[in-house]
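Down below is the structure, laid out as structure tokens.
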Amino acid sequence: MTLRLHDTATREVRDFVPLEEGKAGIYVCGLTVQSEPHVGHVRSAVNFDVLRRWLTASGYQVTFIRNVTDIDDKILVKSAEQGRPWFNLAYDMHRELTRALDSINVLPPTYEPAATGHVPEILDLIDRLIKAGHAYAAEDGSGDVYFDVRSWPQYGELTRQRVEDMEPAGDADPRGKRDPRDFALWKGWKKDSEPATAAWPSPYGPGRPGWHIECSAMAGKYLGKAFDIHGGGVDLRFPHHENEQAQSRAADDPFASYWLHNAWITTAGEKMSKSLGNSLLVPEVLKRVRGIELRFYMVSAHYRSHVEFSFEALEEAAKSFQRIENYLARAAEALGREVPSGGALCAEFTEAMDDDLGTPAAVAVIHDVVREGNKLLTDGDPEALSGNAASVRAMLAILGLDPADPAWGATSRGDDKLTGVVDALVRGLLEERERARLEKDWARADAIRDQIKAAGIEVEDTPTGPKWSV
RNA sequence: GGUGGGUUGGCCGAGAGGCGAGGCAACGGACUGCAAAUCCGUGUACACGGGUUCAAAUCCCGUACCCACCUCCA
């Protein structure tokens, strides 16, 4: 059984064959750190985190690079509006992003390079492109350097478009361009409108990197001239990824073998960047559900399917996940110890994941195993129960959803100290209720239960006595 | 104009020629003092119109509607 992935370049699901056996190099376009991340932004990170975890679980040694773009037009404009330095805005938003990703258990990448830290590498690549005859310095004195689209016959190959059908690039005044579709590799410093801190010295005069060049330069630096997988959101296919590929290949770097693109989360049928309001910012959403539940919601849909975000669907997913979580908790209690990690993965699960990361089918497998486990819970075969629960836990871990993962901190199962305190308080009431039940004083028993419930605590009667949960 | 994707039951969301993924909700049953949890069961879903086929949600043709990208959006 081999992993198969949907490659945007070939538009088909095909076997994953790494360049080097047992190793996988992945480059994912992260965010332009210009504003707070919303749920749409983090979907991409979750999707590729699942890819990374699955490759790792499949025995690959994974190098995972996810960049941040920390200098660009929008950052300059927004920081100017907010009256603070652009680097402060970028840094703050970068920290917000990290916080958001931590809260949904997205593993830190192997490395997270930033555009501003790689100006020499970028200039080196531009130099190679100019020498190869695929780039030129603008003749209008702007200090811009452009990629010469007409010099690269394969331009458009990734997205199957003909240059003639494309609209002109609006990234600079077209006067300095040989063809309106040429795009900027280097943007000359505009003295009158841009801060001096946003310019770096170069052979073409002070300026800053164009949008696409950084990814080519950084992928080359950390993953090599050829690497396995390049990922990002669908919107990046064109122009960003098309341009990256053109730049790198024109400089004689083979670049990515596979291109993966995740679909959108939309609201009201529109992409989130168009939506107003901040109710979909990650910290806001996490006021409604826990991080692990948000992640489950995202993993429940295939990464190439559009998701229409709604709080109703999110809360439904949370309930669905709680069913799994409750099973693990009850299994641990029945076993009298923690559910072991490193359990076996079901063949159906592996098959689903190998088939272009079929997380919806993988989740269905987990539900099936949970149902089996719930039966074992009453049948009482500890050996089988332990194996079953460990299997559930292992499969959840692949999806980054293991409730026992310390990454979830205290948010997942509550703080132990507090649990002890509440238990002490509730236990007295429960004992009183048990006495009432023995006397068949149902009215009193129910009154106590209602009283506890009013405090936000649910009581369940089990064969081994009453249990409470928040 | 060019390129790509979509429309599945009350809802979410898979599948991609034959066998009803899974979840949520609902209903019935078991268990329970009653609940809760859990288990068992209950659905004649695939935008519309044609066609191909023994067999179509799945393939083909057409129609409608929706979405994304076409140069600094995940």
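Atoms considered below: every heavy atom in the structure, side chains included; atoms not considered: hydrogens, waters and symmetry mates. Residue numbering restarts at 1 for every chain, and letters A, B, ... go by the order of the sequence lines.
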Secondary-structure notation, RNA chain B, from Watson-Crick and G-U pairs under 3.5 angstrom (| other strand): (((((((..(((.....[...))).(((((.......)))))....(((((..]....))))))))))))....

Protein-proximity profile, nucleotides 21-32 of chain B, B/S/- by nucleotide at the 4.0 Å heavy-atom cutoff, equals BSBB--------

Could I get the full list of salt bridge (Lys or Arg N to Asp or Glu O under 4.0 Å) partners for Glu96(A), not counting sequence neighbours? Arg99(A)

Output all residues satisfying side-chain hydrogen bond (donor to acceptor under 3.5 Å, both in side chains) with Gln245(A), sequence neighbours left out; order by chain, then residue number. none

Can you list the residues that meet the side-chain contact (heavy atoms from CB on, under 4.5 Å) rule with Arg427(A), with sequence neighbours excluded? Asp423(A), Glu431(A)

Quick one: list whatever passes side-chain contact (heavy atoms from CB on, under 4.5 Å) with Pro85(A), sequence neighbours left out. Phe87(A), Asn88(A)

ring-ring contact (aromatic ring centres under 6.0 Å, His included) with His134(A): which residues, sequence neighbours excluded? Trp152(A)

Using whole Å, report how far CD of Glu351(A) lies from C1' of rG15(B). 13 Å

Mind checking what makes side-chain contact (heavy atoms from CB on, under 4.5 Å) contact with Val282(A), not counting sequence neighbours? Val42(A), Ala100(A), Ser103(A), Leu286(A)

cation_pi(Arg178(A), Tyr136(A)) dist<6.0 Å, angle<=45: yes

Under a 4.0 Å heavy-atom cutoff, the residues of residues 99-117 of chain A touching RNA chain B are none

Could you pull out all residues at least two apart from Arg4(A) that satisfy side-chain hydrogen bond (donor to acceptor under 3.5 Å, both in side chains)? Asp15(A)

Got a sec? Which of residues 439-455 of chain A come in under 4.0 Å of RNA chain B, heavy atoms? Trp442(A), Asp446(A), Arg449(A)

Between the protein and nucleotides 3-5 of chain B, which nitrogen or oxygen pairs are less than 3.5 angstrom apart?
{"residue": "rU3(B)", "atom": "O2'", "partner": "Thr159(A)", "partner atom": "O", "Å": "3.1"}
{"residue": "rG4(B)", "atom": "OP1", "partner": "Arg11(A)", "partner atom": "NH1", "Å": "2.3"}
{"residue": "rG4(B)", "atom": "O2'", "partner": "Arg237(A)", "partner atom": "NH1", "Å": "3.4"}

